[in-house]
Amino acid sequence: MFRTALRRFQDKWKSYRHRFVPWVVLNLSKNEKTLRQVTKSSKDKLVPDDEVSQSLLKLFGDLLKSYGANRMEIRGAQARFFPQQTSEDDQDGRYAMCVHDAMLQSLGFFIERKPSTLPFAGTGVFVTRGFVPKGVTVAMYPGTIYQPYEPILLQSIRNPFIFRCIDGVLIDGNDKGISKMVFKSCSGRDGIFPFVTSDTSWLTTCPQNPLAVGQYVNNCSNHRPANVCYQEYDVPDGFPIELRQYLPNVNYSQGTQRRLRCVVLVSLRDITEGEELFSNYYTIVH
């Protein structure tokens, strides 16, 4: 019994350690290629924010125009005409296919969560359809945004999905437990009737924004170099309010004065169909 418990603990540790900060720091000397180095924090952008905005606006606009506004209508019609044949899972599956098609049409590729190719790394993110050119927004890091002075102790316990920006802003990308409850609460608080200003569907297995899986991108290794990198992106004031329903981030405090912080993942090179995404968890600013 003891051996079984020990074996389970070892398996969980082998999966968790890749996101456990002290372990990663102690092993940086063995994995120098996993570090990304920039001259200063202001240079930590592979593509301009305008290009990121254009990519998001194109995808979100296509989602809204083609499928987003009609999801409830589709469910209602199916329930009315096929009451015995259509389950909620079937409806979610059909909607997921609509999202899949919209992303392919807008960006030319589609990403999905699947078991990682890294041993004991758990879930990873793969390009399952299409082709990703260099310098393209590939994914987003969803979650609750905490300013450096805001409390996050309880949410951070046993939480491997806390992302720290260069300026100290934190993003809690955990889709379970107290982190999930906090995000849903803040999202409901910030709604502007009749508009929804953030996306909570990333907390489910069927996100309406297919980019919102960036928290599952694994760290690179010496043998599997990074093909994407994190880039901070502050949502501009002129971002259309009807498209904010696809933004997978929300501020922890309602009175936050600064723009909504998002983190996107941008491709460092061309990425072909079937490849897993790998990023650099740590950036050194010289």
Side-chain angles (χ1 to χ4, degrees), residues 18-19 31-39 41-63 66 96-119 121-142 163 165-166 171 173 202 207 209-233 246-248 262-285:
H18 299 284
R19 294 178 178 270
N31 299 277
E32 294 183 358
K33 293 182 180 179
T34 64
L35 293 175
R36 181 167 177 257
Q37 303 187 28
V38 296
T39 55
S41 59
S42 61
K43 298 292 184 181
D44 189 29
K45 288 186 183 294
L46 188 64
V47 299
D49 284 350
D50 288 344
E51 292 186 18
V52 176
S53 293
Q54 291 174 9
S55 296
L56 297 183
L57 290 172
K58 180 174 177 56
L59 174 61
F60 295 173
D62 286 348
L63 288 171
S66 302
M97 289 302 299
C98 293
V99 172
H100 176 280
D101 294 340
M103 187 174 183
L104 274 176
Q105 180 179 354
S106 299
L107 304 180
F109 62 89
F110 187 74
I111 59 174
E112 289 183 277
R113 289 172 286 187
K114 296 170 56 179
S116 176
T117 56
L118 288 176
T123 302
V125 179
F126 292 77
V127 177
T128 55
R129 290 286 303 277
F131 171 79
V132 181
K134 178 181 177 180
V136 169
T137 301
V138 184
M140 301 182 71
Y141 200 102
F163 181 92
C165 299
I166 289 180
I171 304 179
W202 68 272
N209 174 5
L211 296 178
V213 293
Q215 77 275 36
Y216 285 103
V217 174
N218 283 304
N219 193 28
C220 62
S221 66
N222 288 335
H223 303 291
R224 303 187 184 184
N227 49 20
V228 297
C229 69
Y230 297 103
Q231 177 171 312
E232 297 168 11
Y233 167 74
Y246 299 107
L247 292 175
C262 292
V263 169
V264 298
L265 287 91
V266 178
S267 54
L268 292 168
R269 59 169 175 80
D270 294 346
I271 306 174
T272 58
E273 184 174 309
E275 285 193 67
E276 182 176 359
L277 302 183
F278 292 105
S279 63
N280 299 94
Y281 278 7
Y282 290 89
T283 299
I284 295 181
V285 181

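- To the nearest 0.5 Å, atoms CD (Glu276) and CD1 (Ile271) are separated by 11.0 Å.
- The distance from atom CD1 of Ile111 to atom CD of Glu275, rounded to the nearest 0.5 Å, is 13.5 Å.
- Contact between Asn280 and Cys220 at its shortest, heavy atoms only, is ND2-SG, 3.5 Å.
- The heavy-atom pair separating Ser106 from Lys58 by the smallest distance is O-CE, 3.1 Å.
- Looking only at side-chain heavy atoms (C-beta outward), Arg269 and Pro225 stay at 4.5 Å or farther from each other.
- Contact between Val132 and Val138 at its shortest, heavy atoms only, is CG1-CG2, 3.7 Å.
- Annotation for Met103 and Leu59: closest pair CA-CD1, 3.8 Å, computed over non-hydrogen atoms.
- For the pair Arg224 (side chain) and Thr117 (backbone), a donor-acceptor distance under 3.5 Å is present.
- Note that the CZ atom of Arg129 and the CZ atom of Phe109 stand 13.0 Å from one another [nearest 0.5 Å].
- The two residues Lys114 and Thr128 have their closest heavy-atom pair at CD-CG2, 4.0 Å.
- Here Glu273 contributes atom CD and Phe110 contributes atom CZ; the two are 12.0 Å apart, rounded to the nearest 0.5 Å.
- Partners of Phe60 according to the ring pair (Phe, Tyr, Trp, His ring centres under 6.0 Å) rule, which considers only residues two or more places apart in sequence or in another chain, are Tyr246.
- Using modelled atom types, one side-chain atom of Ser267 and one backbone atom of Val136 make a donor-acceptor pair closer than 3.5 Å.
- In terms of modelled atom types and a separation under 3.5 Å, the side chain of Asn218 and the main chain of Thr123 share a donor-acceptor contact.
- When atom types are taken as modelled, the side chain of Gln231 and the backbone of Val47 share a donor-acceptor pair closer than 3.5 angstrom.
- Pairing each heavy atom of Leu107 with each of Leu211, the nearest pair is CD1-CD2, 4.1 Å.
- In this structure a side-chain-to-backbone donor-acceptor pair under 3.5 Å is missing from Glu232 to Cys165.
- To the nearest 0.5 angstrom, Leu247 atom CG is 7.5 Å from Leu56 atom CG.
- For the atom pair Asp101 CG and Asp62 CG, the distance stands at 11.5 Å (nearest 0.5 Å).
- Here the rule is side chain to side chain contact (heavy atoms under 4.5 Å, CB included) with Tyr230, and of Leu265, Val264, Leu46 only Leu265 fits it.
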After noting the C-alpha distance and the side-chain angles of Asn227 and Leu268, does the key distance pass the side-chain contact (heavy atoms from CB on, under 4.5 Å) rule? CA-CA 5 Å; Asn227 49 20; Leu268 292 168; 5.5 Å; no
I'd like to know whether Thr272 forms a side-chain contact (heavy atoms from CB on, under 4.5 Å) with Phe131, so could you lay out the CA-CA distance, the side-chain angles of the two residues, the decisive distance to 0.1 Å, and finally the verdict. CA-CA 5 Å; Thr272 58; Phe131 171 79; 4.3 Å; yes
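- Residues Tyr233 and Ser53 have side chains that bring a donor and an acceptor to within less than 3.5 angstrom of each other.
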Applying side-chain contact (heavy atoms from CB on, under 4.5 Å) to Trp202 and Gln215, what does each step give before you reach the verdict? CA-CA 11 Å; Trp202 68 272; Gln215 77 275 36; 3.7 Å; yes
